[in-house]
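Step one of this worksheet: look at the structure below.
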Number of protein chains: 2
Amino acid sequence: MLTVRFCTAKRFSGKRFEALGGYREDWMATLADVARHAGVAASTVSYVLSGKRSVSEETRERVARSIELLGYQPHAGARALASAKSNVLALVMPLRQDLYVPVMMDIAIAVTTTARRFGYDVLLLTNDEGPEGIRRVATTARADAVILTDVGMQDERIAMVRQTGVDAVLIGVPADSAGLDCVDLDFAQAGRLCVEHLAALGHRQVAFVGEAQDTYDRQIGFAERTLGGIREAAARAGVSLIHRPCGGSYEAAAGVLARIFEERPRTSGLIVQNEAVIPPLLSLLRSTGRIVPEDVSIVAVCPDPVAEQTSPRLSSVSLPAAELGTRAVDLLMRRMADGGRDEVVLIPPTLTVRGSTGPAPQRSR
Amino acid sequence: MLTVRFCTAKRFSGKRFEALGGYREDWMATLADVARHAGVAASTVSYVLSGKRSVSEETRERVARSIELLGYQPHAGARALASAKSNVLALVMPLRQDLYVPVMMDIAIAVTTTARRFGYDVLLLTNDEGPEGIRRVATTARADAVILTDVGMQDERIAMVRQTGVDAVLIGVPADSAGLDCVDLDFAQAGRLCVEHLAALGHRQVAFVGEAQDTYDRQIGFAERTLGGIREAAARAGVSLIHRPCGGSYEAAAGVLARIFEERPRTSGLIVQNEAVIPPLLSLLRSTGRIVPEDVSIVAVCPDPVAEQTSPRLSSVSLPAAELGTRAVDLLMRRMADGGRDEVVLIPPTLTVRGSTGPAPQRSR
DNA sequence: ACATCCTGTCGAAGCGCTTCGCTCTGAGGA
DNA sequence: TCCTCAGAGCGAAGCGCTTCGACAGGATGT
C-alpha cells in the first residue's frame with residue numbers, strides 16, 4: 001500500500017514559502033505538486049478531481065496515485081475563490097436557548113450529517129448576530145446558502161434573505177412564504193390528530209397546555225398552527241376546549257393545571273405541546289391523585305424519545321426533528337441545483353398510542 | 001447618510017465576468033473597486049482594513065467612505081487563500097445525541113458567540129465522520145483550529161489532533177493531556193462537594209446514581225473523575241457509599257432506585273449526575289412515599305436551569321456549560337496567538353443549596 | 001551638511017485552484 | 001480523399017486578497 005507521507009494542518013508550499021527558507025517537515029502538497037509528480041498539467045488534475053472533462057483512464061489512475069501518495073487535499077479557500085462556491089451552508093439557530101432544545105439539537109445534527117453527504121460543511125450562526133449574520137455570511141461568500149430554524153410568522157431574517165438573494169430553506173413556515181422553500185411538520189394536522197384521538201375515546205372536555213405565552217406573542221408559526229388545528233377539530237368533534245399557554249417551570253405548570261381543574265373539573269383530556277412541561281405535569285397529576293390514563297388522558301406533541309421516557313409512556317404525535325433537518329438540506333440542494341420551487345413541504349404527522357390515553361372516565365365518577 | 005447600493009449574495013465582478021457579458025444588478029464590490037473609487041492602491045485598502053501598516057488619517061477616511069458607499073465585504077475565500085488563515089474554528093460534537101443535550105447546546109452557543117467576538121465563525125462537525133473529519137477540516141484549511149467536546153480518557157480524536165498538529169482545545173480531560181490545552185469543570189471536586197454537603201447534614205448512607213454504564217465503559221473523563229472525588233470524600237467523611245450507573249429511562253431509574261433501597265434501606269442521601277434521570281427519580285421517590293428532603297436528600301451535578309425546574313428545586317453543583325464554551329474559545333485564541341501553554345483549566349465547582357437537601361432523618365424512623 | 005530613520009504609499013508577486021480556449025490525434029462520415 | 005468531430009491534454013488567465021520590497025519625502029541625529 002502507498003502511504004501518506006506528509007499531512008499536516010499547516011500548509012507550507014509555493015514560491016513565497018521556498019523563498020522564505022525552504023524545507024519543513026510539515027508540508028502540504030498542492031495541486032501543482034500533484035501535477036508535477038504525475039507528469040501532467042495542473043488543469044488535468046483539476047479535471048480528474050471534478051470530472052468536468054473527460055480524462056483517459058490511464059492518466060486518471062496516475063493522477064489518483066500521485067494524490068494518494070502526496071496526501072493531497074485541495075485548499076478550501078482557493079477552491080471557493082476560483083469556483084465562487086464555498087461548499088458551506090449556514091444554520092441559523094433560534095433566539096432563545098430555553099425552548100425545545102432537544103429538537104434543535106436533532107435538527108443541527110441531521111443538517112450537518114446530511115450536508116456532509118452532499119459535500120457541504122455547516123456553519124453555525126446564533127441569532128445574537130441577528131439578521132446581519134445572514135448578510136455577512138452571504139456577502140463574504142463564507143456560505144452558499146442558509147437554513148433558518150425557529151421561523152416566526154413575521155420574521156425579520158426573511159427580509160434579509162430576500163434582500164441578499166441568498167438561497168435559503170426555512171424550517172417553519174412564515175406568514176408570507178412567497179419565493180421561499182419551507183419545511184415543517186403539519187402542526188395543524190398534528191393538533192387535529194390529538195383532538196380526534198381524545199374525542200374517539202369519549203373525552204368531551206379537553207385542555208390544551210400550550211407553549212409559553214411569549215411564543216404566541218412572537219407569533220411562532222408552529223404554535224399558532226397547532227392551536228388552529230386543535231380548535232378546528234374540537235369544534236368539529238363537539239369537544240369543549242380551553243387553551244392555556246404554559247411556561248416550562250414547575251410553578252407555571254402547577255398554576256396552569258390548578259386553574260384548569262378549577263375552571264372545569266370535568267376536564268379529562270390534556271394536550272401538551274411544550275415538552276419541558278411534561279415531567280412537572282405528570283408529577284403534579286400524580287401528587288393531586290389523578291391517575292393517568294384512568295382519570296386523565298394525556299397526548300403530547302413531542303419527539304418520540306421524550307414520549308418514551310416518561311411513565312406511563314405518552315401517546316404522542318411525534319415531532320420528527322431529524323427528518324426536518326434532512327429534508328431542509330435536500331430542499332436546499334435541489335434549490336441550488338435547479339432553482340427554487342418555492343415549495344412548502346408539510347410533513348404529515350402520525351400519532352402513536354402509548355400508555356397515557358384511555359377511555360374517558362364515566363360521568364358517575 | 002450614504003447608502004449601500006449593491007449588496008447581494010452572488011458575487012459578480014472582475015475581468016472574467018466583464019468578458020462574459022457585462023452589467024448585472026447584483027454586483028459585488030471587490031477590494032480593487034474600493035481602491036479605484038478611493039483613488040488609492042489596493043494594498044492601501046488592505047492595510048486600512050487590517051491595520052498592519054500605518055495609513056494617514058486622511059486616506060483612511062476616504063477609503064472608509066468608499067467601502068461604505070460600495071457596500072464592500074471582503075471575500076472570505078480570497079482572504080483565507082492569501083493569508084493562510086480561514087478565521088473559522090471547528091466544533092466537534094459528541095458521538096451520542098442522547099446524553100446531556102442541554103449541556104452540549106449551551107456549549108455550542110457559547111462557543112459560537114464567543115468565537116464571533118474574535119472574528120471567527122464556527123463549523124459544526126458531528127462525530128459520524130470520526131477523527132477523519134478533523135483531518136479533513138484541518139488539511140483543507142477549512143478551519144484553523146478545533147474544539148473537541150465529550151472527550152474520553154482515551155480518545156481517538158486526540159491522535160488525529162497530534163498527527164495533524166492542528167491547534168485544539170478539549171472540553172474534557174483525557175488521560176494523557178501532554179501538549180494539549182483542556183478545560184473542564186473540576187468534577188472530582190464537584191463530587192467531593194456533594195459528599196461533604198450530605199455528610200455535614202448527617203447523612204451516613206449515600207448512593208451515587210451515576211451516568212449510564214456505557215459512559216463508564218467508554219471511559220469518559222468527567223464520569224470517572226466525579227466518581228473518584230465522591231469515593232475519596234466518602235472515605236474521608238466516613239460515609240458509606242454505593243455507586244449505581246443508571247441510564248436515562250424511567251425503567252432504568254426505577255430499577256436502580258428499587259435496588260438501592262433494597263440493598264440499603266437506610267440510604268438517605270442521593271447524588272445524581274445523569275440529568276435525564278432527575279425527573280423520573282423525583283417522581284419515583286414521591287410515588288414510593290419518600291419525601292424530599294425529609295426522608296431522602298438529593299444533590300445533583302447539573303446545569304442550574306435543570307436544578308431549578310424541579311419541585312423541590314435541587315441542591316446542586318452547577319455545570320457551567322456556557323462558561324466551558326467561552327473558556328475553550330479563549331484558550332484557543334491564546335494558543336493561536338502565543339502558542340499553547342499545554343494547560344488544563346479546571347473550573348472550581350460551586351454547590352448551591354436549594355430545597356432538596358436537609359438533615360438526615362433520625363435513626364428511629 | 002550628511003547619513004539615517006520614519007511614514008505613507010505603491011506595484012507586483014503570490015496564495016492554490018478552476019476554467020476557457022487551443023492544439024493535436026485518430027476515427028468516422030460524406 | 002477530405003472534412004469534421006469528439007477525446008485528451010496543455011497553458012494561461014483569472015478569482016480577490018495579503019504582503020513584501022521599494023521609494024519618495026520629511027523629520028531626526030550628529
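Chain naming here is simple, since letters A, B, ... match the order of the sequence lines and numbering starts at 1 in each.
- Residue B:L31 contributes atom CG, which lies 12 Å from atom P of C:dC10 at whole-angstrom precision.
- Checked against side chain to side chain donor-acceptor pair (under 3.5 Å), B:D128 has the following partners two or more places apart in sequence or in another chain: B:T126.
- For the pair A:R142 CZ and D:dC17 C1', the interatomic distance rounds to 14 Å; values are reported in whole Å.
- Using a distance-only test at 3.5 Å, with no hydrogens or angles considered, a donor-acceptor pair links the side chain of B:S83 to the main chain of B:R79.
- In summary, B:E57 and B:R60 engage in a salt bridge, as defined by a charged side-chain N under 4.0 Å from a carboxylate O.
- Near DNA chain D, meaning a heavy atom under 4.0 Å away, the residues from residues 49-64 of chain B are B:K52, B:R53.
- Within the helix from C:dA1-D:dT30 to C:dA30-D:dT1, the inter-axis angle between the opening and closing five-pair segments is 30°, rounded to 10°.
- Rounded to an integer number of Å, the gap from CG of B:D33 to C1' of D:dC17 is 13 Å.
- Annotation: side-chain hydrogen bond (donor to acceptor under 3.5 Å, both in side chains) contacts involving residues 333-344 of chain A, sequence neighbours excluded, comprise A:D167-A:R335, A:D181-A:R335, A:R334-A:E343.
- For A:A168, the side chain to side chain contact (heavy atoms under 4.5 Å, CB included) criterion is met by A:V146, A:V161, not counting sequence neighbours.
- Residue contacts for A:V45: at a heavy-atom cut-off of 4.0 Å it reaches no nucleic acid atom on any strand shown.
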Quick test: give all pairs of protein nitrogen or oxygen and nucleotides 25-28 of chain D nitrogen or oxygen below 3.5 Å, distance rounded to 0.1 Å.
none

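- Nearest to the side chain of A:A78, among C:dC17, C:dC15, D:dC10, sits C:dC17.
- Spacing between atom CE of B:M28 and atom C1' of D:dC17 amounts to 14 Å, rounded to whole angstrom units.
- Of the listed residues (A:L331, A:D330, A:V329), just one forms a side-chain contact (heavy atoms from CB on, under 4.5 Å) with A:M333, and that residue is A:V329.
- In terms of phosphate contacts, A:Y47 brings no side-chain nitrogen or oxygen within less than 4.0 Å of OP1 or OP2 of D:dG11.
- Applying the salt bridge (charged side-chain N to carboxylate O under 4.0 Å, His left out) test to every pair with at least one member in residues 109-118 of chain A, sequence neighbours left out, gives these pairs: A:R116-A:D121, A:R116-B:E129.
- Rounded to a whole Å, the NE2 atom of B:H75 is 14 Å from the P atom of C:dT18.
- At whole-Å resolution of the value, NZ in B:K85 and P in D:dT18 are 12 Å apart.
- The side chain to side chain contact (heavy atoms under 4.5 Å, CB included) test applied to B:A32 returns B:T30, B:R36, not counting sequence neighbours.
- Of the side-chain N and O atoms in B:S46, one or more sit less than 4.0 angstrom from OP1 or OP2 of D:dT18.
- If you measure from atom CZ of B:R79 to atom C1' of C:dG14, you get 17 Å, rounded to the nearest angstrom.
- Under the side chain to side chain contact (heavy atoms under 4.5 Å, CB included) criterion, B:D155 pairs with B:V151, B:R157, B:I158, not counting sequence neighbours.
- Under the salt bridge (Lys or Arg N to Asp or Glu O under 4.0 Å) criterion, B:R53 pairs with no residue at all, not counting sequence neighbours.
- Toward the 5' end of DNA chain D, the nearer of the two residues B:S43 and A:A41, judged by each one's closest nucleotide, is A:A41.
- Partners of A:E58 according to the salt bridge (Lys or Arg N to Asp or Glu O under 4.0 Å) rule, which considers only residues two or more places apart in sequence or in another chain, do not exist here.
- Partners of B:S54 according to the side chain to side chain contact (heavy atoms under 4.5 Å, CB included) rule, which considers only residues two or more places apart in sequence or in another chain, do not exist here.
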